[in-house]
Amino acid sequence: MAVEKFQPRRSLEVKDPMTAGEFNLWCAIHDKPYRLARHQWPDGAVEWDVEVNPGKPDGTIAYGTGQEDETLATLAAFAFMAGVEWAEGNAAPAEEDEQTAGEDPPPAAGTTEAASLYARALALAMDAGVVSSRRLQDGLGIPPERALRLTERMEDEGIAGPADADGIRRMLVTVARRPG
């Protein structure tokens, strides 16, 4: 019996590493309530976690990636999202409540219309490299309160930075990295 000599493995080289910002942008565009955030434990250890409903009172950590490396954590976060989507797709449809049978439910915040508006707001902001509620108000023809909520959502999701004195937020994700 002959023994073959195998070539040593080359280390994995990532040509275009994924970032937490790209994961957060993907979640925002697809109207998913998740964000990948870096957390530092009291002992100094660092880990990336997937938060659900970030910036909201019911927000919490949905999944701890256990990774210090941002690229590996992003891959783990996308794997987590694939599992969530698979579970949602295979969930048994809920039975209608007898009281609401035949009634049309009110439109939810995650409807296609809301997702489409947010996607248009993101595209407008990324093309300009900055975002402000006034820019979204003028560019999308929406009320000031809605424009402000959209800019704050971009900041909460790590896509835009904090507002400066003029209310302008610098985009943290560039147009060149935008999916599509």
Side-chain angles (χ1 to χ4, degrees), residues 14 16-65 67-78 80-81 106-180:
V14 179
D16 189 17
M18 299 173 74
T19 66
E22 289 170 326
F23 175 81
N24 295 340
L25 176 63
W26 182 89
C27 287
I29 288 172
H30 292 91
D31 205 32
K32 303 291 183 184
Y34 299 100
R35 171 177 67 186
L36 188 60
R38 183 177 183 264
H39 291 116
Q40 186 164 5
W41 293 93
D43 66 356
V46 174
E47 177 184 36
W48 289 88
D49 296 321
V50 178
E51 299 175 337
V52 63
N53 295 325
K56 296 183 180 174
D58 62 341
T60 187
I61 294 174
Y63 174 68
T65 67
Q67 299 294 324
E68 291 182 26
D69 181 73
E70 182 178 5
T71 301
L72 294 177
T74 305
L75 293 172
F78 272 112
F80 167 77
M81 285 302 307
T111 61
T112 305
E113 182 182 336
S116 174
L117 177 65
Y118 189 58
R120 290 190 350 243
L122 282 171
L124 184 69
M126 286 192 301
D127 287 342
V130 295
V131 66
S132 68
S133 56
R134 181 66 183 182
R135 180 182 297 264
L136 293 183
Q137 182 184 349
D138 293 343
L140 300 172
I142 57 176
E145 303 82 28
R146 187 137 193 215
L148 180 60
R149 282 196 309 269
L150 290 170
T151 58
E152 289 174 344
R153 179 177 170 188
M154 288 179 202
E155 181 180 352
D156 289 344
E157 294 176 353
I159 297 168
D164 65 13
D166 296 323
I168 298 172
R169 292 169 168 82
R170 185 177 57 85
M171 298 304 292
L172 302 176
V173 177
T174 63
V175 175
R177 307 288 284 191
R178 186 172 63 189

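Please read these numbers as outputs of a predicted model, since none were measured by experiment.
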Among residues at least two apart in sequence or on other chains, which ones pass salt bridge (charged side-chain N to carboxylate O under 4.0 Å, His left out) with Asp69? none
Trp48 backbone acceptor or donor facing Thr65 side chain under 3.5 Å: yes
Between [atom1] on residue [X] and [atom2] on residue [Y], distance to nearest 0.5 Å:
| X | Y | atom1 | atom2 | result |
| --- | --- | --- | --- | --- |
| Phe23 | Lys32 | CZ | NZ | 10.0 Å |
| Trp41 | Glu47 | CH2 | CD | 6.0 Å |
| Ile159 | Arg35 | CD1 | CZ | 10.5 Å |
| Ile29 | Tyr118 | CD1 | OH | 8.5 Å |

Can you list everything that forms a side-chain contact (heavy atoms from CB on, under 4.5 Å) with Glu145? Sequence neighbours excluded, please. Pro143, Arg149
Run His39 and Val46 through side-chain contact (heavy atoms from CB on, under 4.5 Å) and show every step you take. CA-CA 6 Å; His39 291 116; Val46 174; over 6 Å; no
Heavy-atom distance under 4.5 Å between the side chains of [X] and [Y], does that happen here?
| X | Y | value |
| --- | --- | --- |
| Val50 | Ile61 | no |
| Glu157 | Leu25 | no |
| Thr60 | Asn53 | no |
| Asp156 | Pro54 | no |
| Val130 | Arg135 | yes |
| Leu122 | Met154 | yes |

Show every donor-acceptor pair shorter than 3.5 Å between a side-chain atom in residues 164-171 and any protein atom, with sequence neighbours excluded, or say none if there are none.
residue	atom	partner	partner atom	Å
Asp164	OD1	Asp166	N	2.8
Asp164	OD1	Gly167	N	3.1
Asp164	OD1	Ile168	N	3.0
Arg169	NE	Glu155	OE1	3.0
Arg169	NH2	Glu155	OE1	3.2

Look at the rings of Tyr63 and Phe80 and say which category their plane angle falls in: under 30° parallel, 30 to 60° tilted, over 60° perpendicular. parallel
Closest non-hydrogen atom pair, [X] against [Y]:
| X | Y | value |
| --- | --- | --- |
| Pro144 | Gln137 | CG-NE2, 3.6 Å |
| Thr74 | Ala20 | OG1-N, 3.6 Å |
| Ala160 | Val131 | CB-CG1, 4.1 Å |
| Gly64 | Asp49 | CA-OD1, 3.2 Å |
| Leu36 | Ala77 | CD1-CB, 4.1 Å |
| Glu22 | Met18 | OE1-CA, 3.2 Å |

Working for side-chain contact (heavy atoms from CB on, under 4.5 Å), residues Leu117 and Arg146: CA-CA 10 Å; Leu117 177 65; Arg146 187 137 193 215; 3.3 Å; yes
Do Leu150 and Ile142 pass the side-chain contact (heavy atoms from CB on, under 4.5 Å) test, and can you show the C-alpha distance, the side-chain angles, and the key distance before you say yes or no? CA-CA 10 Å; Leu150 290 170; Ile142 57 176; 3.6 Å; yes
